[in-house]
Peer 1: 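Please find one structure pasted underneath; my questions will follow.
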Amino acid sequence: MIGPARQVPRGVRRLWALHVARLDFYASSTLPGGCFFATVKFEYNARSGPLYERIAQTHAEWMEYMEKLARQAVELGELRPDTDVAMLAYEIEAAGVAAVMQFRLLSPQVVYPLARRAVLGRLRGLCTDPTLLPEE
């Protein structure tokens, strides 16, 4: 997921590319049981111990990476200066987790486009130049 996103210029386009790459990875069914990290987060979020700590650390690193990409987009002037990067990263993560949780319940043809549209709409709303992002 991160590799394909790094091929895109820094800023809002890279943040969008990361989300798209994540959804594409899920849709590829490379992991037939769904996302390993999402599954273990749900399984271990009410437990304690070293496994929980490692999962929490990995999740924190993922969120920090998305916040970093959002911050870069703000610094480049591609996202509004008042953008709450922590909230934006949270919203992107929420769309990704919802998609991977729901794709078997609702169908990938429904869920993945919704997750794309949710994040694209949010990014376009914050973007100082929406032409940097695709149309729906």
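In what follows, residues are counted from 1 in the order of the sequence shown. Values reported hereafter were calculated over all heavy atoms of this structure, with side chains retained and with hydrogens, waters and symmetry mates removed.
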Peer 1: According to the side-chain hydrogen bond (donor to acceptor under 3.5 Å, both in side chains) rule, which pairs have a member within residues 7-19, sequence neighbours left out?
Peer 2: none
Peer 1: Residues two or more places apart in sequence or in another chain: which of them pass side-chain contact (heavy atoms from CB on, under 4.5 Å) with Q57?
Peer 2: R54, E61
Peer 1: Start with the C-alpha gap between L79 and L88, add the side-chain angles, then the distance that decides, and say whether side chain to side chain contact (heavy atoms under 4.5 Å, CB included) holds.
Peer 2: CA-CA 11 Å; L79 291 179; L88 181 56; 3.8 Å; yes
Peer 1: Is the number of heavy atoms from other residues, nucleotides or ligands under 6.0 Å of Y65 OH greater than 12?
Peer 2: yes
Peer 1: Taking side-chain contact (heavy atoms from CB on, under 4.5 Å) as the test, write out the residues that go with A89, two or more places apart.
Peer 2: M63, M66, E67
Peer 1: Side chains of L23 and V111: does their closest heavy-atom pair fall under 4.5 Å?
Peer 2: no
Peer 1: Going by the rule side chain to side chain donor-acceptor pair (under 3.5 Å), which residues pair with D84 if we only count those two or more places apart in sequence or in a different chain?
Peer 2: none
Peer 1: If hydrophobic clusters are built by linking Ile, Leu, Val, Met, Phe, Trp and Tyr wherever their side-chain heavy atoms come under 4.5 Å apart, do L69 and L76 end up in the same one?
Peer 2: no
Peer 1: On a heavy-atom basis, which atom in A115 and which in A95 lie closest, and how many Å separate them?
Peer 2: CB-O, 3.8 Å
Peer 1: With a 4.5 Å limit on heavy-atom distance, are the side chains of D129 and L132 in contact?
Peer 2: yes
Peer 1: What's the spacing between L18 CG and R6 CZ if we round to 0.5 Å?
Peer 2: 9.5 Å
Peer 1: With a 4.0 Å cut-off on N to O distance, would you call R22 and E93 a salt bridge?
Peer 2: yes
Peer 1: Please tell me whether V12 and V8 are part of a single hydrophobic cluster in this structure, the criterion being side-chain heavy atoms less than 4.5 Å apart.
Peer 2: no
Peer 1: Identify each donor-acceptor pair in which a side-chain atom of residues 119-128 lies under 3.5 Å from a protein atom, sequence neighbours left out, and give them as a table.
Peer 2:
unit_1 : atom_1 : unit_2 : atom_2 : d
R122   : NE     : E91    : OE1    : 2.6
R122   : NE     : E91    : OE2    : 3.4
R124   : NH1    : P130   : O      : 2.8
R124   : NH1    : L133   : O      : 3.3
R124   : NH1    : P134   : O      : 3.3
T128   : OG1    : G77    : O      : 2.5
T128   : OG1    : E78    : O      : 3.4

Peer 1: Under the salt bridge (Lys or Arg N to Asp or Glu O under 4.0 Å) test, which residues partner D24, sequence neighbours left out?
Peer 2: R116
